[in-house]
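Residue numbers start at 1 and run along the sequence shown. Note that ligands are numbered from 1 as they come in the structure, with each ligand's atoms numbered from 1 the same way. Here the structure is a predicted model, which means the values were calculated and not measured. What's counted below: heavy atoms across the whole structure, side chains too, no hydrogens, waters or symmetry copies.
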Amino acid sequence: MTKESIMSSGHYSSTGLEIEAFDPELFQKQLAPVISKLKAYINDSTTHGLHLVAPNLLKKKAQAIMNSNAKELKNDKITEIIELLIETSIPVYSTGYMGRQFSGVIPLSAIIDFACAIINQPSSFYEAGQMPNIAEHIIAEEFNKLLGCHKDPFTMVSTSGGSLANLTAILTARNIKLNDVWKNGLNNQEKLPAIAASNEMHYSITRAAGILGIGSNQIVKLPSNNKGQIDINQVQRTLDKAYQNNLNVFCLIASAGNTSMGAIDPIKQLAQLTSKNNIWLHIDAAHGGALLVSDKQRPKLDGISLADSFSVDTHKMLFTPSLCTLLFYKNKSHAYQAFQQQASYVFEEEKDIYTHFDAAEKNFECTKRPTITNFWATWAVYGRQIFEQKIDYLCELTQKAYNYLLLQTDFEAIHRPEINILCFRYTHKDTHITNDLQLKIRDRLKMEGNFFISKVKLNGTTALRVVFMNHKIELSHFKLLISEIRSVSSKIISELKLQNEKTLLE
Ligand SMILES: *Cc1c(COP(=O)(O)O)cnc(C)c1O
């Protein structure tokens with residue numbers, strides 16, 4: 001189109017800007033069909049898995065949308081985009097979804113998230129995120145009540161994700177336990193700085209060690225027991241050995257709900273040891289920290305209030321849109337010691353009643369999505385009970401699934417689940433094929449498209465892993481999964497036999 005014909009089409013401003021794209025009436029019109037599509041998506045009442053599309057095909061589909069140039073088809077394009085997003089997503093609202101730690105959201109939290117996207121404030125500073133910064137304080141207070149820390153409260157910062165929270169916590173520990181590292185780097189250390197963590201730690205810990213100049217070789221691995229927890233009896237010995245090897249372990253990271261099995265490390269005993277050894281204790285409670293909101297589950301986190309820091313993802317077991325993590329510090333001043341920086345163009349030297357609430361000095365991010373707001377709003381409208389009920393349900397469901405597994409002679413549970421993650425194996429009398437079989441089962445289940453589960457490797461043993469995040473799932477759905485695993489396995493095994501016979505003939 002020439003500029004003249006563009007102008008005469010009536011959709012453009014005198015500066016050539018496509019006005020239609022900014023039209024509030026159109027905004028509302030475009031939204032309505034999107035909402036009905038999403039309503040249907042949330043209302044998913046079938047049991048199914050992921051529909052994996054070949055990347056080249058998906059790229060072609062996406063490009064076809066771009067290349068169709070009929071202007072009047074804009075609404076169709078929006079619908080096509082939403083459909084494509086839904087079709088290609090892991091179906092988190094389906095009862096076939098038992099795979100990972102993200103989940104369908106409490107719809108209200110997504111509504112507020114959407115509102116925040118339109119309002120679009122960078123939110124690291126009080127003036128550009130008044131409500132988010134207040135929400136952060138309110139949520140901190142609520143958690144302090146649950147922790148029983150009214151008098152000596154934890155300070156809280158929100159970060160974009162558990163990985164960034166772990167990095168920030170270890171950075172803070174480094175700055176506090178090692179002298180002048182922020183300014184001088186790690187050059188002047190007598191012993192090599194090191195961190196200790198479980199064998200089963202999340203990979204973000206290794207990354208943090210790399211990023212912070214500690215180096216992944218300086219991660220002291222704490223042996224775990226058969227429940228997947230740090231074996232408390234071996235911790236002091238492992239720390240002593242590290243010290244003899246010229247390592248200065250300044251931070252120990254425990255998990256509350258580790259990624260592989262949901263195991264909760266013995267926090268209280270670890271806190272005694274770290275306090276005795278002058279080591280910072282960080283609890284990576286990205287998954288399991290949410291148990292704090294449940295009166296029934298909270299005792300599982302006994303001792304967490306003794307930690308120097310801990311982190312909780314709201315986008316996991318608190319069912320808000322990705323991504324918002326709560327990072328707690330026992331000592332208020334520590335929150336400011338992660339980033340010991342002057343930047344006069346934004347940071348105020350003398351704080352007033354407003355800048356006192358700025359989150360930016362405590363946070364890696366500058367522009368920051370205010371996702372804390374949707375968590376707070378959900379809490380404000382439904383109360384903590386909405387989270388508590390769902391968490392209790394999911395934990396009970398996992399116990400039932402475990403009990404059911406115990407009755408099946410052709411399955412073995414790897415552990416007694418502590419939260420909502422359950423690892424198990426389909427056993428076969430021919431034991432040497434069992435490891436490989438689990439992987440094949442998982443892949444075949446994914447291909448058949450009725451269920452979405454994950455897999456895990458635990459001390460060399462491959463297992464199937466289910467994570468219950470969807471409250472619509474009942475024990476009957478798990479029973480369906482178990483029978484599907486049986487049927488898939490018998491197919492795999494007969495194919496293997498055929499292959500074997502062929503190779504024997506050759
Ligand atoms: C998910 C998870 C993380 C990483 O959190 P993100 O929000 O995905 O960055 C870290 N640790 C544990 C134990 C987790 O479960």
Is a side-chain donor-acceptor pair under 3.5 Å present for His471 with Lys390? yes
Have Arg425 and Asn435 got a donor and an acceptor in their side chains that come within less than 3.5 Å? yes
Less than 3.5 Å apart, which donor and acceptor atoms pair up between the side chains of residues 102-120 and the rest of the protein, not counting sequence neighbours?
{"residue": "Ser109", "atom": "OG", "partner": "Ile106", "partner atom": "O", "Å": "2.6"}
{"residue": "Asp113", "atom": "OD1", "partner": "Asn374", "partner atom": "ND2", "Å": "2.9"}

Angle between ring planes, Phe387 versus Trp379, binned at 30° and 60°: parallel, tilted or perpendicular? tilted
Output for ligand 1, non-hydrogen cut-off under 4.0 Å, lists Gln101, Gly161, Gly162, Ser163, Asn166, His202, Gly257, Thr259, Asp284, Ala286, His287, Asp313, His315, Lys316
Applying side chain to side chain donor-acceptor pair (under 3.5 Å) to Ser309 and Trp280, what does each step give before you reach the verdict? CA-CA 8 Å; Ser309 58; Trp280 181 285; 2.9 Å; yes
Out of the candidates Gln297, Glu142, Arg298, only one should pair with Leu292 under the side-chain contact (heavy atoms from CB on, under 4.5 Å) rule; please name it. Arg298
